[in-house]
Amino acid sequence: MSKNKKGGRPKKSATQKLKHRVAYMLPTIEYFALKTRAKNAGISLAEISRRAVTDCKIIPRLTPDESG
């Protein structure tokens, strides 16, 4: 007997798997604004949050030495 392949979706690599959960609280107004933006873009709230993380530019605070 030969082993039959089951078929289906190929396994994701370790870098593509979603392993970690991040929860954050928003005021009602910001929640519905984010939900509306996600709906208008045709993506989920989770996906819009992931895109915000990868596409945003974070500027670190100045240290006391840098501020003069």
Side-chain angles (χ1 to χ4, degrees):
M1 249 190 208
S2 65
K3 293 186 179 182
N4 294 332
K5 293 185 178 181
K6 290 187 175 185
R9 178 178 60 78
K11 290 190 174 188
K12 291 186 175 185
S13 68
T15 58
Q16 291 179 325
K17 288 183 182 179
L18 304 177
K19 293 181 181 181
H20 304 281
R21 180 179 306 214
V22 176
Y24 53 95
M25 302 293 287
L26 294 173
T28 303
I29 293 172
E30 290 179 6
Y31 170 76
F32 284 110
L34 186 64
K35 191 173 179 178
T36 302
R37 290 178 69 187
K39 184 178 179 181
N40 290 341
I43 57 178
S44 67
L45 280 171
E47 183 61 28
I48 202 166
S49 298
R50 277 188 224 106
R51 288 184 185 184
V53 168
T54 58
D55 295 341
C56 73
K57 181 178 179 182
I58 299 173
I59 302 169
R61 292 183 179 182
L62 293 176
T63 63
D65 295 336
E66 293 173 336
S67 63

- Any chance you could lay out the side-chain contact (heavy atoms from CB on, under 4.5 Å) test for E66 and T63, step after step, and finish with the verdict? CA-CA 5 Å; E66 293 173 336; T63 63; 3.2 Å; yes
- Residue set satisfying side chain to side chain contact (heavy atoms under 4.5 Å, CB included) with R37, at least two apart, ordered chain then number -> I48
- The side chain to side chain contact (heavy atoms under 4.5 Å, CB included) partners of K11 (sequence neighbours excluded) come to none
- Which of these, L45, D55, I43, L18, sits in a side-chain contact (heavy atoms from CB on, under 4.5 Å) with R50? L18
- Closest non-hydrogen atom pair, K17 against K12: CE-O, 3.6 Å
Under 3.5 Å, which donor-acceptor pairs do the side chains of residues 20-34 form with other protein atoms, sequence neighbours left out?
unit_1: Y24; atom_1: OH; unit_2: S49; atom_2: OG; d: 2.6

